[in-house]
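Input: a single structure, listed below in structure tokens.
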Number of protein chains: 2
Amino acid sequence: MLQLDNQACFPLYALSREIINHYRPLLDELDLTYPQYLVMMVLWESQPQTVNQLGGRLLLDSGTLTPLLKRLEQKGLISRTRRSSDERVVEISLTIDGVDLKSSAIDIPGKVMQSMNVTLEELTELRNVARKLLAKTNRGCTSAGKTE
Amino acid sequence: MLQLDNQACFPLYALSREIINHYRPLLDELDLTYPQYLVMMVLWESQPQTVNQLGGRLLLDSGTLTPLLKRLEQKGLISRTRRSSDERVVEISLTIDGVDLKSSAIDIPGKVMQSMNVTLEELTELRNVARKLLAKTNRGCTSAGKTE
DNA sequence: AGATAATACATTGTGCGCAATATTATTTCG
DNA sequence: CGAAATAATATTGCGCACAATGTATTATCT
């Protein structure tokens with residue numbers, strides 16, 4: 001019928017923005033945007049990582065990441081250094097401040113859940129549905145998933 | 001654990017972008033962006049609508065909509081006219097071309113489903129989960145739903 | 001080794017999203 | 001009625017996303 005409510009994509013698009021809006025006041029305290037927070041989270045998991053590795057994990061290209069990483073560098077949270085054995089590659093490492101920021105971020109997911117007034121079950125359901133479809137449409141890209 | 005894969009928001013954020021990326025080549029043929037397509041869809045349902053009404057439906061504010069609507073106007077798909085009985089309000093109507101474009105858009109959802117290689121059941125599940133959470137976090141805003 | 005291709009990142013330009021603020025028009029209230 | 005409050009849209013500025021292109025650097029292939 002080509003109606004907004006019949007589309008699967010619109011609720012997804014709207015909900016994604018809505019959730020990020022709930023992150024915003026919490027991330028403001030850390031002086032991070034949501035994409036910057038994602039990059040930091042990936043680096044808190046494993047470090048250092050190349051721009052390519054970050055992009056593979058977050059499904060973002062250098063056109064998005066390069067300026068974002070420069071901003072994180074300016075904030076003193078990361079360092080960007082060319083790999084000596086391959087000057088094409090830029091390795092992203094956390095600074096002390098970058099590592100330390102994790103402790104301030106640790107309670108953000110809980111607070112977001114609370115402010116959105118949703119249960120863990122609902123979020124888990126959402127996550128599973130989204131991950132399933134993401135895996136289908138994005139063959140291989142998230143494959144670096146030795147995270148668990 | 002503050003890991004990317006534990007977050008509900010990241011798969012949602014990534015999947016939302018991923019789906020929109022599948023819309024892109026199809027929308028390119030209509031010279032529409034995804035948000036522009038959403039606005040057109042809302043107008044195809046009901047017309048005319050004020051900027052506020054569109055924003056309430058799509059959860060977007062005038063800071064996003066005003067320039068977007070100007071671009072749709074430039075393309076000759078909509079007209080923007082101040083309501084004479086209340087000069088604050090801008091009414092958005094479809095032009096003939098705007099109405100006609102619907103027939104070219106009618107088969108987009110099916111093509112997207114196909115290109116993403118997902119089933120209708122999966123999309124329905126995704127839509128229902130997303131709508132449920134959207135309704136919870138967004139009390140009242142989608143209430144203008146006389147669309148069914 | 002030298003040309004060609006491939007790789008990794010950077011740059012440019014466009015269009016969102018959103019906060020903050022401005023502008024104009026209407027309501028409300030004393 | 002006139003001032004203050006409210007409402008609807010517009011403007012400005014910043015940071016993504018993404019396409020297209022550019023620039024080094026490394027790999028490949030005679």
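Chain letters run A, B, ... following the sequence lines, proteins first, then strands; residues in each count from 1.
You'll find the side chain of A:Leu12 stays beyond 4.5 Å of the side chain of A:Gln7, heavy atoms only. Contact check for B:Leu27 versus B:Ile20: no side-chain heavy atoms found under the 4.5 Å cut-off. Using a 4.5 Å cut-off on side-chain heavy atoms (C-beta onward), B:Tyr34 and B:Ile19 make no contact. Two residues are said to be in side-chain contact when any heavy atoms from C-beta on lie closer than 4.5 Å; B:Glu18 and B:His22 meet this criterion. Looking at B:Tyr13 and A:Leu58, their side chains never come closer than 4.5 Å, going by heavy atoms from C-beta outward.
Rounded to an integer number of Å, the gap from B:Tyr13 OH to D:dC18 P is 7 Å. Between the CD atom of A:Glu87 and the C1' atom of D:dT25 there is a distance of 8 Å, given to the nearest Å. Going from atom CD of B:Gln53 over to atom P of D:dA7 covers 16 Å, rounded to whole Å. The CG atom of A:Leu58 sits 15 Å away from the C1' atom of D:dC18 (whole-angstrom rounding). Distance A:Asp86 CG to D:dA27 P: 6 Å, rounded to the nearest Å. Nucleotide D:dA17 holds its P atom 12 Å from the CG atom of A:Leu59, rounded to whole Å. Atom CZ in A:Arg24 sits about 11 Å away from atom C1' in D:dC16, given to the nearest Å. The CG atom of B:Leu68 sits 14 Å away from the C1' atom of D:dA10 (whole-angstrom rounding).
Scored by the side chain to side chain donor-acceptor pair (under 3.5 Å) test, A:Thr95 finds no partners at all (sequence neighbours excluded). With sequence neighbours excluded, the residues that form a side chain to side chain donor-acceptor pair (under 3.5 Å) with B:Thr64 are B:Asp61. B:Asn52 meets the side chain to side chain donor-acceptor pair (under 3.5 Å) test with no other residue; sequence neighbours excluded. Scanning for side chain to side chain donor-acceptor pair (under 3.5 Å) contacts around B:Lys132 gives A:Glu125, with sequence neighbours left out.
Among the heavy atoms of the strands, none lies under 4.0 Å from B:Leu65.
Taking side-chain N and O atoms only, A:Thr33 has a distance below 4.0 Å to OP1 or OP2 of D:dC16. For the OP1/OP2 pair of D:dT9 and a distance below 4.0 Å, the side-chain nitrogens and oxygens of B:Asn52 include at least one atom meeting the criterion.
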Residue pair A:Leu60, A:Leu54: steps toward the side chain to side chain contact (heavy atoms under 4.5 Å, CB included) verdict: CA-CA 8 Å; A:Leu60 294 170; A:Leu54 293 174; over 6 Å; no
Stepwise side chain to side chain contact (heavy atoms under 4.5 Å, CB included) check, A:Asn21 with B:Thr137: CA-CA 11 Å; A:Asn21 286 341; B:Thr137 63; over 6 Å; no
N/O to N/O distances under 3.5 Å, protein versus nucleotides 1-3 of chain D:
none

Find every protein N or O atom lying less than 3.5 Å from an N or O atom of nucleotides 20-23 of chain D, and list the pairs.
none

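With D:dC18, D:dT9, D:dT25 as the candidates, the nucleotide lying closest to the side chain of B:Asn21 is D:dC18.
Comparing B:Thr64 and A:Thr50 against DNA chain C, the residue whose closest nucleotide sits nearer the 5' end is A:Thr50.
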Run the side-chain donor-acceptor check on residues 87-94 of chain B: report pairs under 3.5 Å with partners two or more places apart or on a different chain.
{"unit_1": "B:Arg88", "atom_1": "NE", "unit_2": "B:Asp86", "atom_2": "OD1", "d": "3.1"}
{"unit_1": "B:Arg88", "atom_1": "NH2", "unit_2": "B:Asp86", "atom_2": "OD2", "d": "3.0"}
{"unit_1": "B:Glu91", "atom_1": "OE2", "unit_2": "B:Arg83", "atom_2": "NE", "d": "3.0"}
{"unit_1": "B:Glu91", "atom_1": "OE2", "unit_2": "B:Arg83", "atom_2": "NH2", "d": "2.7"}

List, one per line, each side-chain donor-acceptor pair under 3.5 Å for residues 66-73 of chain B, sequence neighbours excluded.
{"unit_1": "B:Thr66", "atom_1": "OG1", "unit_2": "B:Ser62", "atom_2": "O", "d": "3.0"}
{"unit_1": "B:Glu73", "atom_1": "OE1", "unit_2": "B:Arg80", "atom_2": "NH1", "d": "3.2"}

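Here the range on DNA chain C touched by chain B, meaning any atom under 4.0 Å from one of its heavy atoms, is C:dG15 to C:dT26.
Residues of residues 72-84 of chain A having a heavy atom closer than 4.0 Å to DNA chain C, listed by number: A:Arg80, A:Arg82. Only B:Pro35, B:Gln36, listed by number, bring a heavy atom of residues 35-44 of chain B to less than 4.0 angstrom from any atom of DNA chain C.
Using a distance-only test at 3.5 Å, with no hydrogens or angles considered, no donor-acceptor pair links the side chain of B:Ser46 to the main chain of B:Leu43. Side-chain N or O atoms of B:Lys136 include none that pairs as donor or acceptor with a backbone N or O of A:Val118 at under 3.5 Å. A donor-acceptor pair under 3.5 Å is formed between the side chain of A:Arg17 and the backbone N or O of B:Leu59.
Every pair passing salt bridge (Lys or Arg N to Asp or Glu O under 4.0 Å) that includes a residue from residues 107-119 of chain A is listed here, sequence neighbours excluded: A:Asp107-A:Lys111.
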